[in-house]
Number of protein chains: 2
Amino acid sequence: MAERSVTSGPTIYEVAARAGVSIATVSRTFSDSSKVAARTRDAVLDAARELHYVPAAAARALAVRRSKALGVVLPHIDGPYYAELLVGFEIAASELGLSVVLALAGPQERRSAAVLDLLGRVDGVAFMARGGADDAAVLEVAGVRPTVSVARGRVDGVDAFYAENRGTARELTEHLIQHGHRRIGFVGRPEEGSDIGRRHRGYLEALDAAGLAPAAHFAVAPVEHAGLELADQLLAEQRDDAGGLTGLDALVCGNDELAMALVARMADAGIDIPGRLAITGWDDTVTARYLTPGLTSVRQEVAELGALAARRLAARIGGEPEQGPVTVASTLVLRRSCGCDPAAPLTFAPITDIPTKESS
Amino acid sequence: MAERSVTSGPTIYEVAARAGVSIATVSRTFSDSSKVAARTRDAVLDAARELHYVPAAAARALAVRRSKALGVVLPHIDGPYYAELLVGFEIAASELGLSVVLALAGPQERRSAAVLDLLGRVDGVAFMARGGADDAAVLEVAGVRPTVSVARGRVDGVDAFYAENRGTARELTEHLIQHGHRRIGFVGRPEEGSDIGRRHRGYLEALDAAGLAPAAHFAVAPVEHAGLELADQLLAEQRDDAGGLTGLDALVCGNDELAMALVARMADAGIDIPGRLAITGWDDTVTARYLTPGLTSVRQEVAELGALAARRLAARIGGEPEQGPVTVASTLVLRRSCGCDPAAPLTFAPITDIPTKESS
DNA sequence: CCCCTCAATGGAAGCGCTTACAGTCAGGGT
DNA sequence: ACCCTGACTGTAAGCGCTTCCATTGAGGGG
């Protein structure tokens, strides 16, 4: 089934020949067509169309020493969080005429080869969320290409983007306090420099400001099954003590996954949420609003974060210097699980729109 | 802040000079290093490391006439569905040493330019889900590059991949019938060749086989707010009739989004789900298992679908001919919303693992 | 009517890498 | 000692495009 050599097709030479012009003219037609006479341009365009000409990006990249592509390094996406980040990034990139090359951080060994390969084909790279690569790797990349990081610890020479965490976590915790909760625990492992780490800080600040002590800290991984296990553990202790759920009346969770699992399992076991135990999440996932009771959470403008990162990266490639870290505001979404009782039935989020301008 | 011309860095020439060999040897070292003497290879590798050499993918691509990259065209990702598809695809691609270039289908006008650009930088492209591009566009691409489609209508010359829909929809509907439901409606617009279209077909077949007639068909868009609106409409009619929810006792929904919205709104309004009205979804999203009652749905091996598509695409690029469409099995996930009462508390899905071999 | 200007085009030199093809050199066989 | 073999390595010709420098004409001014 001898296919015509894939990835070949007509070149600028064939188009030039067919249009009766030189390759320089064809090239100009495709880049700055204003320098080409209208008649000539049309002839070239016709020829190109007839031949199904597809410009070879590699050749162009080689000639101009720029690939017009941005690289993204992500941990294996799961959940809407990374997807949204990626969408925001892609849309912004494509508006700038830049392609996006994806690299999911795989097993450690293959990782460095993959990153090297990525580097070779892009003009700049964005590291999203820790887990994608360690700081050393990021630093190394930053030495070779403009680099930005999103929702990730700071690294020198790298523009950092975050969704606001600390302040909002503080607000959230204060809100819980206003509801009358006093024995407030935290769920999630606060790795340094991570989002959850910053949320934990805000939580501590709020408690401190109110003269309260942290009631408990469950440093578990931010995943569903850890939440389920923790719920089971708490329920078991409760049974033994015949006591007060280990002296807790509220739990601030590092993300929705954890919170959802806790709410569901606890409620299943007959614990009154939020009456007996208030629980909050973070991320405002779809599930948060379908949970019973509705999960109080925090909405982050993730898509915007991605978009900002892409634009900044493009600017850096264009020669602009590094800038300080950028924080995008997050907002509390109050539902029933914290103790509120919003009359609203099912609020659903507006379509996320990607802002067009960069805000600093 | 005159940065060193980005995207430049040392070339194979500098490495060769530093290692005291010719560029051919450096090149060989990086490709088939078995043809290079061990001492020489080490010298080259050392030099490369010292210089932070990054091979220019564009130059290589130009020389070998192959970019080692696959393109993916997606509608704007939202929800875990596309994310999972993409992850499966990326993992498989990277195992094959191929990069993934992403193109989200944007506004119509910019779309063709974006696709052209994409074509120029990849060896093959995967169209995922309709909405990414119309059939004509796919066909055109297929004439120029090996092409596969995933969860999308068939197009000549394009290898197609689907999650099983019709048979499972039939099973699901039969299941509902076994529960004693007779007046079963369908929710979702069955665009031809779409997944939902195939689900609708299976639903009709089951009814037909049981000698039942479709009780209703609400051809709405497969999105949350359409589900909410439909729920409100049904509730309003119900109030007027003081009657039987327009003669329905079960609703098969085209996807989870629709089903979730219906379940939540109906339950909120005091309708007994599934007692008064059974509802099923499709996709087995996270929310399905956290909904009250749990949403009966269908799990699709989406990541596997993506992986299969990537491998097939690679094979096509390697010269293999087109093959018939491939279907990946889907499985019913029974929860309470259909009338079942699985004792299990909160079942949670196993980590999706990407199968290593292609099954046909 | 000549010269100059400017717009439109063509010629040709790379961009950094791969890969025939052609050497070079050390051994081994005779 | 001579030739052959085979393992390495070097030379150089592109891959398809961009772009600097001409070159060519067609007006316009004097």
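Lettering of chains follows the sequences in order, A, B, ..., and the numbering in each one begins at 1.
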In whole angstrom, give the distance that lies between atom CZ of Arg60(B) and atom C1' of dG14(D).
17 Å
Between Thr25(B) and Ala59(B), the residue closer to the 5' end of DNA chain D by nearest nucleotide is Thr25(B)
Distance check needed: dC17(C) P versus Phe30(B) CZ, whole Å only.
9 Å
Going by heavy atoms in the side chains, are Glu14(B) and Thr11(B) under 4.5 Å from each other?
yes
Heavy atoms under 4.0 Å, any strand shown: does Ala37(B) hit a base, just sugar-phosphate, or nothing?
sugar-phosphate
In terms of side-chain geometry, is the basic nitrogen of Arg316(A) or Glu322(A) positioned less than 4.0 Å from the acidic oxygen of its partner?
no
Please confirm whether the backbone N or O of Thr25(A) pairs with a side-chain atom of Thr29(A), one donor and one acceptor, at under 3.5 Å?
yes
In whole Å, what is the span from the NZ atom of Lys35(A) to the P atom of dC6(C)?
15 Å
Could you give me the CA-CA distance, side-chain angles and deciding distance for Arg49(A) and Asp46(A), then say whether salt bridge (Lys or Arg N to Asp or Glu O under 4.0 Å) is met?
CA-CA 5 Å; Arg49(A) 197 172 310 117; Asp46(A) 285 349; 3.2 Å; yes
Ring centres under 6.0 Å, that's the criterion: do Tyr53(B) and Phe30(B) meet it?
yes
d(CG, Leu62(B); C1', dG16(C)) in whole Å:
9 Å
Check whether any side-chain N or O of Arg121(B) sits under 3.5 Å from a backbone N or O of Ser67(A) as a donor-acceptor pair, and report yes or no.
yes
Mind grabbing the angle between the end helix axes of the helix from dC1(C)-dG30(D) to dT30(C)-dA1(D)? Five pairs an end, 10° rounding.
50°
Base, sugar-phosphate alone, or nothing: which one does Ala24(A) contact when heavy atoms must sit under 4.0 Å apart?
base
Please enumerate all residues that pass ring pair (Phe, Tyr, Trp, His ring centres under 6.0 Å) together with Tyr162(B), with sequence neighbours excluded.
none
Verify the contact: side-chain N or O of Thr40(B) to OP1 or OP2 of dT9(D), cut-off strictly under 4.0 Å; return yes or no.
yes
Using a cut-off of 4.0 Å on non-hydrogen atoms, how would the nucleic acid contact of Val36(B) be classed: base, sugar-phosphate, or nothing?
sugar-phosphate
Gap between atoms CG and P, on Asp117(B) and dC17(D) respectively (whole Å)
13 Å
Which part of the nucleic acid, if any, lies within contact of Tyr13(A), taking any heavy atom under 4.0 Å across all strands shown: a base, the sugar-phosphate backbone alone, or nothing?
base
Compare side-chain N and O positions of Arg65(A) against OP1 and OP2 of dG16(C) and report whether any pair is under 4.0 Å apart.
yes
With a cut-off of less than 4.0 Å, is there a side-chain N or O of Thr11(A) near OP1 or OP2 of dG16(D)?
no
Is there a side-chain polar atom (N or O) of Ser27(B) under 4.0 Å from OP1 or OP2 of dT18(C)?
yes
Euclidean distance, atom CZ of residue Arg66(B) to atom P of dG14(D) [Å, nearest integer]:
21 Å
Does Arg28(A) make a side-chain donor-acceptor contact with the base of dG10(C), cut-off 3.5 Å?
yes
If I take atom CZ in residue Arg41(B) and atom P in nucleotide dA7(D), what distance separates them, rounded to the nearest angstrom?
15 Å
Sugar-phosphate only, base, or nothing, as touched by Val26(B) at under 4.0 Å among non-hydrogen atoms:
nothing
How close or far is atom P of dC8(D) from atom CZ of Arg39(B), stated in whole angstroms?
13 Å
Would you check if the side chain of Thr147(A) reaches a backbone N or O of Arg145(A) as a donor-acceptor pair within less than 3.5 Å?
yes
